Amino acid sequence: MTALPLVEPLSCQTAVLIVGAGPAGLALAVSLRQLGVDHVLIDRGAGIGPGSRAAAVQPRTLEYLDRIGVGAPLVRAGTKAWGFSLHDRDRTLLRACYDQLDTSHPYMLLASQRTTEQHLLARLEELGGAVHRHHRLLGLTPDHPGVSATIAGPDGVVRAVSARYLVGCDGLHSAVRTAAGIAFPGTAREQLFALADVRLKAGTRAAASEDPTFFLSSAGMLLLSPLAGGLHRLVAPAAPGSAAPCAADVERLLSERGPAGEAGRVTEVVAASTYRVQERVAESFRTGPVLLAGDAAHTHSPAGGQGMNSGIQDAGNLAWKLHAVLSGTAPDALLDSYHRERHPVARALVSFTARFAEAATLTDPAACTRRNALLAAAAGTPGITDWIAAKLAQLDIGYTDRPVPGTPRPGTRVSPRLVPPDGLHWTLALPAAATTEPPRLPPEHGPLTVRYIPALETTLLVRPDGHLAAHGVPAAPGEVLARLAGHLPLEPSA
């Protein structure tokens with residue numbers, strides 16, 4: 001049995017208790033540690049789980065991971081895909097390219113969830129943090145103004161931990177969500193899916209694929225995607241009661257649904273499983289001092305590689321708000337904006353992935369023919385593939401429902417190519433002519449970084465998660481800091 005790493009004993013009191021050390025929980029812990037927020041992170045498991053699970057890190061997520069010091073090492077560990085394709089056997093129906101997207105990461109990073117978690121954990125430990133493994137939440141009770149959580153440790157001893165805020169990042173079957181009495185409405189589809197991470201024989205077209213490809217034909221759907229380390233992932237609908245796919249099953253799927261006239265050969269099945277999709281969104285992402293993030297808050301079809309990314313972005317939205325409240329910069333009401341901003345994103349994501357999955361898993365031959373003809377026609381329509389790429393890259397996510405053309409609105413994403421980030425600081429971007437040297441200012445402005453941007457038309461104040469807080473603000477950093485509370489999303493956008 002592998003010995004657990006030595007960590008400090010579980011504290012009986014903390015500002016933030018995080019339950020669940022998956023991608024969302026780890027990203028939140030890293031962010032809070034970087035911000036200097038006291039917290040405790042517990043997980044019921046022994047360590048990072050096996051298998052690849054989520055396997056695509058989208059550009060918007062990489063932008064946030066850059067802010068917490070994880071982006072660059074993770075990119076080095078993964079494989080870049082420059083887009084994705086939809087095929088009917090050998091016929092290309094549609095290809096969406098990422099290389100023209102307005103981002104510092106114009107690609108999809110193919111890296112397993114295990115790899116992503118390993119890099120988040122390494123960063124957490126680098127910052128002096130840790131995960132308390134084999135700790136399980138048994139229940140919680142109000143402890144004004146926070147909660148008291150009852151936790152069973154690996155030694156069998158039950159402890160009480162008092163926390164100002166408790167964040168449930170503990171997955172689909174969240175104990176936090178259940179204990180808080182938060183409803184989780186939605187559906188569990190009957191459709192079963194088979195997943196396999198395999199090594200394919202070199203020299204075949206399947207093995208040479210560089211981008212994720214959905215094969216959509218009357219024989220059924222097949223997703224074929226390269227992974228780091230020479231692996232490939234295959235996902236396909238499976239009959240009820242099916243076992244995890246073996247090498248022969250994978251070869252049959254490739255032969256029936258993949259590149260025509262080619263029998264893909266599997267040299268090794270590294271991991272295989274079956275799963276059933278659930279489509280649910282928690283009724284509320286916050287109830288008093290209890291908040292939800294990641295799969296505890298929303299779960300949906302893995303179509304399009306969106307789930308893990310959304311959980312990490314939940315953490316990015318929540319972390320700076322917890323810091324602002326706990327440091328006295330903002331009132332507790334700021335945390336209401338977490339639900340207000342992220343809940344509609346989750347609902348839209350469930351709807352989008354459900355429609356995608358329904359279209360991809362059609363079985364009627366006539367319906368498949370119509371679907372493929374529609375996709376081919378869409379590919380030739382100007383702007384469609386760019387729209388699809390931006391949506392899957394999650395660069396279209398913003399927290400304003402009434403965009404005004406040509407006018408920056410609070411809540412919209414600010415491209416890091418326009419305003420480079422500085423960790424989890426707020427950023428004041430000031431106009432500066434490219435031919436003039438910007439004025440010198442004192443280097444320290446507390447939580448505010450000042451940047452001079454050539455050709456910028458107005459001052460921008462950018463939140464720590466990369467979204468716009470305000471425009472046209474004063475150019476004096478001290479004045480901006482003094483009025484920072486006025487730029488927080490305490491009320492719905494007017």
Side-chain angles (χ1 to χ4, degrees), residues 55-56 58 81-101 107-108 110 187 189-195 204-226 232-239 250-264 277 279 300-307 348-396:
Q58 300 291 352
W82 303 102
F84 77 96
S85 299
L86 303 178
H87 280 214
D88 181 352
R89 305 305 298 265
D90 290 334
R91 177 191 172 202
T92 301
L93 301 171
L94 179 150
R95 185 168 191 273
C97 298
Y98 278 35
D99 55 358
Q100 297 301 311
L101 294 175
Y107 49 82
M108 182 191 310
L110 303 177
T187 60
R189 291 183 174 270
E190 292 299 318
Q191 179 66 66
L192 190 70
F193 285 86
L195 180 151
T204 63
R205 282 179 290 167
S209 63
E210 296 181 351
D211 293 338
T213 301
F214 284 90
F215 289 94
L216 306 174
S217 69
S218 57
M221 184 272 282
L222 172 67
L223 168 62
L224 175 64
S225 176
H232 280 78
R233 164 164 294 181
L234 290 94
V235 180
V250 173
E251 290 178 351
R252 176 181 54 79
L253 287 168
L254 284 169
S255 176
E256 293 176 351
R257 305 179 186 186
E262 178 179 89
V277 171
E279 296 165 352
H300 48 82
S301 166
Q306 304 289 292
L349 187 58
V350 168
S351 176
F352 172 72
T353 57
R355 293 197 305 269
F356 187 98
E358 287 171 359
T361 56
L362 290 172
T363 56
D364 177 70
C368 290
T369 299
R370 289 193 297 270
R371 173 200 60 200
N372 291 1
L374 181 62
L375 289 170
T381 303
I384 289 293
T385 56
D386 291 340
W387 176 82
I388 293 172
K391 188 165 191 64
L392 291 178
Q394 299 194 348
L395 300 182
D396 67 331

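Computed from a predicted structure; not experimentally measured.
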- Query: E256 and A219: which non-hydrogen atoms are nearest, and at how many Å?
  - Reply: O-CB, 3.6 Å
- Note on the structure: Separation between OG (S217) and NE2 (H87), nearest 0.5 Å, reads 12.5 Å
- Measure across A239 and L192 and return the closest heavy-atom pair with its distance rounded to 0.1 Å. O-CD2, 3.5 Å
- Message: According to salt bridge (Lys or Arg N to Asp or Glu O under 4.0 Å), does anything in residues 362-377 pair up with another residue at least two apart or in another chain? List the pairs.
- Response: none
- Query: Would L94 and I388 count as a side-chain contact (heavy atoms from CB on, under 4.5 Å) if you check the C-alpha gap in whole Å, the side-chain angles of each, and the deciding distance to 0.1 Å?
  - Reply: CA-CA 10 Å; L94 179 150; I388 293 172; 3.9 Å; yes
- Task: Could you tell me the separation between the CG atom of L195 and the CG atom of L234, rounded to the nearest 0.5 Å?
- Result: 8.5 Å
- Message: Just so I know, are the side chains of F214 and L93 near enough to count as touching, which here means a heavy-atom distance under 4.5 Å?
- Response: no
- Kindly say whether P226 contributes a backbone atom to a donor-acceptor pair with the side chain of R233 at under 3.5 angstrom? no
- Query: Donor-acceptor pair, S255 side chain versus E251 backbone, under 3.5 Å?
  - Reply: no
- So, for Q306 and Q394, which heavy atoms are closest and what is the spacing to 0.1 Å? OE1-NE2, 2.9 Å
- Item | CG-CG distance between D386 and L101, expressed to the nearest 0.5 angstrom | 7.5 Å
- Message: Using side-chain heavy atoms (C-beta onward) and a distance below 4.5 Å, is D88 in contact with L216?
- Response: no
- Task: Can you see which heavy atom on P259 is nearest to which on F215, and at what distance?
- Result: CD-CZ, 3.7 Å
- Stepwise side-chain contact (heavy atoms from CB on, under 4.5 Å) test for F356 and H300: CA-CA 11 Å; F356 187 98; H300 48 82; over 6 Å; no
- Using a cut-off of 6.0 Å, state whether more than 12 heavy atoms not belonging to E210 lie near its atom CD. no
- Rounded to the nearest 0.5 Å, the CZ atom of R257 sits from the CZ atom of R252 at a distance of 7.0 Å
- Heavy-atom distance under 4.5 Å between the side chains of R95 and D211, does that happen here? yes
- Query: How many angstroms lie between CE in M221 and OG1 in T363, if you round to the nearest 0.5 Å?
  - Reply: 12.5 Å
- Item | OG1 on T353 to CG on L392, rounded to 0.5 Å | 10.5 Å
- Measure across L110 and A81 and return the closest heavy-atom pair with its distance rounded to 0.1 Å. CD1-CB, 3.8 Å
- Note on the structure: Of all heavy-atom pairs linking C368 and S218, the shortest is SG-CA, 4.1 Å
- Message: Can you confirm whether or not the ring centre of W82 sits under 6.0 Å from the ring centre of Y98?
- Response: no
